[in-house]
Amino acid sequence: MQHYGTRGVHGQTVEVLAQRILTGQFAEGATLDITALQSELDVSLTALREAMRVLAAKGLVDARPKRGTFVRPRDDWSLLDPDVLRWQFSRAVRPGLFSDLHELRSIVEPGAAGLAAERATDSDVEALDAALAAMASAGDDIGAAVDADLAFHRALLAATHNELLQRMEVLIETGLAERDRMVHGAGPGDPVPSHRAVVDAIRRHDAAGAARAMGRLLEQAVEDVARLADENR
């Protein structure tokens, strides 16, 4: 999927405007001065209008005759859109967002691990083992560590063979990637044993054991974030 944050001037324009909306710099209901924005951002009117169309498609803005372009109420925003999620997590736009992510993962992932233990094929287990191997070899490479962790959780959801759970990948991965970058950058403990415990239970087709192991993994994730928050105070 092509994210708008990676598409040159057009993508940068979309991201700047989105961040202003998400942070409340452009308040809900506020009318946007297109002429002033064009001058400030130094972009063509065509590029700015295209950026507004992107934001409109994500539910952030709308345009009406006589009123112009305005910020829509938060209830109308497509908060599960991959780009909107990424913009929120990348700037920690809303306090409590990572807490919400943990609550979601605590509801979804232990159950997914249990289901994976019942349904995983040999190729599913191989994908989980490959993610573990990548995690073990990542060392101090933060990018590689993040990629390996995302591959693990992607493989876990795939092993459920439930299409709706697999679609949770976008939501979980977007927030998890930003959390991982913060935590791995602060030098956490070895993540392999806690993840391996989940895989070992799945390999044994131990649904209850897999759910418990995933629960312990998530508890460790919360402790890592809390430790980082304490260190930054």
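Remember, it's a predicted structure, so these values are computed and weren't measured experimentally.
Contact check for Leu37 versus Arg20: side-chain heavy atoms found under the 4.5 Å cut-off. Inter-residue side-chain proximity for Gln88 and Leu79 is flagged as met; some heavy-atom pair is nearer than 4.5 Å. A heavy-atom distance below 4.5 Å is not found between the side chains of Thr31 and Val71. Contact check for Thr13 versus Glu50: no side-chain heavy atoms found under the 4.5 Å cut-off. Residues Trp87 and Val14 form a side-chain contact, since some pair of their non-hydrogen atoms from C-beta on lies under 4.5 Å apart. Using a 4.5 Å heavy-atom threshold, the side chains of Trp77 and Val84 count as separate. Proximity of Arg154 to Ile172: side-chain heavy atoms (C-beta onward) are nowhere separated by under 4.5 Å. The shortest distance between side-chain heavy atoms of Arg49 and Gln38 does not fall below 4.5 Å.
Minimum heavy-atom separation, Ala210 to Gly114: CB-N, 4.3 Å. When all heavy atoms of Thr69 and Ala63 are compared, the pair lying nearest together is OG1-CB, 3.8 Å. Considering every non-hydrogen atom in both Gln166 and Leu157, the closest pair reads CG-O, 3.4 Å. In terms of heavy-atom proximity, Gly209 sits nearest to Ala201 at C-CB, 3.7 Å. Taking all atoms of both residues into account, the shortest heavy-atom contact from Glu28 to Pro73 is OE1-CA, 3.4 Å. The shortest heavy-atom contact between Pro110 and Ser106 is CD-O, 3.3 Å.
In this structure, Thr174 contributes its side chain and Leu171 its backbone to no donor-acceptor pair below 3.5 Å. No donor-acceptor pair under 3.5 Å is formed between the side chain of His205 and the backbone N or O of Glu118. Judged by distance alone, the side chain of Ser39 and the main-chain N or O of Ala36 form no donor-acceptor pair under 3.5 Å. Using modelled atom types, one side-chain atom of His195 and one backbone atom of Pro191 make a donor-acceptor pair closer than 3.5 Å.
Both the sub-6.0 Å distance and the 45° axial angle are not jointly satisfied by Arg86 relative to the ring of Phe89.
A continuous path of ILVMFWY side-chain contacts below 4.5 Å connects Leu45 to Val43, so both sit in one hydrophobic cluster. Under the 4.5 Å side-chain contact rule for hydrophobic residues, Leu218 and Met135 share a cluster. Taking hydrophobic clusters as Ile, Leu, Val, Met, Phe, Trp and Tyr residues chained together by side-chain heavy-atom distances below 4.5 Å, Leu80 shares a cluster with Leu97. Ile34 is connected to Leu55 through a chain of hydrophobic side-chain contacts under 4.5 Å among Ile, Leu, Val, Met, Phe, Trp and Tyr, so both are in one cluster.
The only option from Asp129, Asp124, Val198 that meets the side chain to side chain contact (heavy atoms under 4.5 Å, CB included) definition with Arg203 turns out to be Asp129.
Distance CE/Met168 to NE2/His153: 13.5 Å, rounded to 0.5 Å. In this structure, NZ in Lys58 is found 15.5 Å from CG in Asp76, a value given to the nearest 0.5 Å. Atom-to-atom distance recorded for Leu32:CG and Leu17:CG is 7.5 Å, nearest 0.5 angstrom. A distance of 7.5 Å separates CZ of Arg105 from CE of Met214, quoted to the nearest 0.5 Å. In this structure, Leu217 CG and Glu109 CD are separated by 8.0 Å, a value rounded to the nearest 0.5 Å. We find the CG-CG distance between Asp83 and Leu60 to be 10.0 Å, quoted to the nearest 0.5 Å.
With hydrogens and angles left out, the side-chain atoms of Ser123 and Thr121 include a donor and acceptor closer than 3.5 Å.
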Apply the test side-chain contact (heavy atoms from CB on, under 4.5 Å) to residues Phe152 and Val199: give CA-CA distance (whole Å), side-chain angles for both, the deciding distance (0.1 Å), then the verdict. CA-CA 10 Å; Phe152 174 88; Val199 178; 3.4 Å; yes

I would like to know whether Arg119 and Asn162 meet side-chain contact (heavy atoms from CB on, under 4.5 Å); could you show each step before the answer? CA-CA 10 Å; Arg119 297 179 177 178; Asn162 179 306; 4.2 Å; yes

